[in-house]
There are 2 protein chains.
Amino acid sequence: MSTLTIGQVARRVGIGIETIRFYERKGLIEEPPRRESGYRQYGEGDIERLVFIQHAKTLGFSLKEINELLSIRSRPDANSREIKEIASAKLADIDNKINLLKRMQQTLKKLVDQCPGDGPTCECPILEAMEMDDNGGVKMSD
Amino acid sequence: MSTLTIGQVARRVGIGIETIRFYERKGLIEEPPRRESGYRQYGEGDIERLVFIQHAKTLGFSLKEINELLSIRSRPDANSREIKEIASAKLADIDNKINLLKRMQQTLKKLVDQCPGDGPTCECPILEAMEMDDNGGVKMSD
DNA sequence: GTATAACCTGTACTATACTACAGAGTCAAG
DNA sequence: CTTGACTCTGTAGTATAGTACAGGTTATAC
């Protein structure tokens, strides 16, 4: 079985060398065997694991959560219910983030539309909204 | 004119004392005058400024951006166009974040729906999606 | 045989937004 | 006058996810 150096792995996965060592320190990937020189020796399994990490990241999982997913994945008696629960929680998480952002979007869009985009800032509805204690028709709280 | 201690300000605005000092260090609020003892003396203007900061935060502005908004606000010759530009940029920013999250949401929802929530993890479509190099109908890239 | 590319460890720094002390001094109530 | 609450400065830690060296060793190409 051929082995890969850290640089080859980095290029194949499309991440930085430092990132791989960082993941190792974080326990996301195992410490690989070393050559006599101390150089890390990786195999195809490490590539797969790193690709898994990248994919999980694009789905919104944090490194901590990815670590959990990985340890479930490597437990032979693991049930897919465990994975589904984590994924569902993440989905709820994403829903909440979207809702929060949508509220921000709505409020801000209203203010931007109201702003003439010219004239003194003392009449700017955007600033006014942020200055006001009780608010002129625009909700500011979460 | 009455003055307020940092603790009184913190209570009125609903933030921590340390946060106020942190904002001072960051230049978001000015260094207030001091009593002979060294105690900070705040006025109503400081309360308003801190409330402004809180409101801007709920609209999604970072402290750096809030600093910009504040400095524009305090410039007498400032034009509301400057504010509108910053707000529009932030709005575009929020739109992008929402779109990214929506893509995550879609992909993840599909996977969660496909997962039986029982059985071995080797058959879990969520894990499979993250493992695969080329993907089984589910897009993983941004 | 030498140049240089790649690798090693360890530490420190980036950004964001706080939060938590320690140790000392001050203020207000009883 | 004492006690406890409050405030001061300065430093360090939290979480997240890396990135960037310095200084030294090893591998590889010519």
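Everything numeric here is computed off the predicted structure, so don't read it as measured data. Each chain gets a letter, A, B and so on, in the order the sequences are listed, and its residues count up from 1.
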What is the separation between atom [atom1] on [X] and atom [atom2] on [N], rounded to the nearest whole Å?
X     : N      : atom1 : atom2 : result
A:E24 : D:dT19 : CD    : P     : 16 Å
B:I6  : D:dC6  : CD1   : C1'   : 11 Å
A:K26 : D:dT14 : NZ    : C1'   : 11 Å

What N/O pairs connect the protein and nucleotides 10-13 of chain D at under 3.5 Å? Give each pair on its own line.
none

A:S62 side-chain N/O to D:dT16 phosphate OP1/OP2 under 4.0 Å: no
Phosphate OP1/OP2 of D:dG18 contacted by A:K57 side-chain N/O (<4.0 Å): yes
Note, B:R73 side chain near B:L70 side chain (heavy atom, < 4.5 Å): yes
Name the atoms and distances for all side-chain donor-acceptor pairs under 3.5 Å in residues 85-100 of chain B, with sequence neighbours left out.
{"unit_1": "B:S88", "atom_1": "OG", "unit_2": "B:K84", "atom_2": "O", "d": "2.8"}
{"unit_1": "B:K90", "atom_1": "NZ", "unit_2": "B:G60", "atom_2": "O", "d": "3.3"}
{"unit_1": "B:K90", "atom_1": "NZ", "unit_2": "B:E65", "atom_2": "OE1", "d": "3.0"}
{"unit_1": "B:K90", "atom_1": "NZ", "unit_2": "B:E65", "atom_2": "OE2", "d": "3.3"}
{"unit_1": "B:D95", "atom_1": "OD1", "unit_2": "A:Q105", "atom_2": "NE2", "d": "2.5"}
{"unit_1": "B:N96", "atom_1": "ND2", "unit_2": "B:A92", "atom_2": "O", "d": "3.4"}
{"unit_1": "B:N99", "atom_1": "ND2", "unit_2": "B:D95", "atom_2": "O", "d": "3.3"}

Provide the closest heavy-atom pair for [X] versus [Y] in the form atom of the first, atom of the second, distance.
X      : Y     : result
A:Q8   : A:L4  : OE1-CA, 3.3 Å
A:M132 : B:H55 : O-CE1, 2.8 Å
A:C124 : B:I83 : SG-CG2, 3.7 Å

Terminal axes of the helix from C:dG1-D:dC30 to C:dG30-D:dC1 (five pairs each): angle between them, nearest 10 degrees: 10°
Would you please name every residue forming a side-chain hydrogen bond (donor to acceptor under 3.5 Å, both in side chains) with [X], sequence neighbours left out?
X      : value
B:K64  : none
A:R49  : none
A:R11  : none
A:K102 : none

Between side-chain atoms of residues 22-39 of chain B and protein atoms elsewhere (two or more places apart, or another chain), which donor-acceptor pairs fall under 3.5 Å?
{"unit_1": "B:E24", "atom_1": "OE1", "unit_2": "B:R40", "atom_2": "NE", "d": "2.8"}
{"unit_1": "B:R34", "atom_1": "NH1", "unit_2": "B:G38", "atom_2": "O", "d": "2.8"}
{"unit_1": "B:S37", "atom_1": "OG", "unit_2": "B:Y39", "atom_2": "N", "d": "3.4"}

All side-chain contact (heavy atoms from CB on, under 4.5 Å) counterparts of A:I17, not counting sequence neighbours: A:I6, A:A10, A:R21
Listed partners of B:E68 passing salt bridge (charged side-chain N to carboxylate O under 4.0 Å, His left out), at least two apart: none
Polar side-chain atom of A:E82 near backbone of A:N79 as donor-acceptor pair, under 3.5 Å: yes
Range on DNA chain C touched by chain B, heavy atoms, distance below 4.0 Å: C:dA17 to C:dC27
Letter per nucleotide, 5' to 3', of nucleotides 24-30 of chain D [B base touched, S only sugar-phosphate touched, - untouched; heavy atoms, 4.0 Å]: --BS---
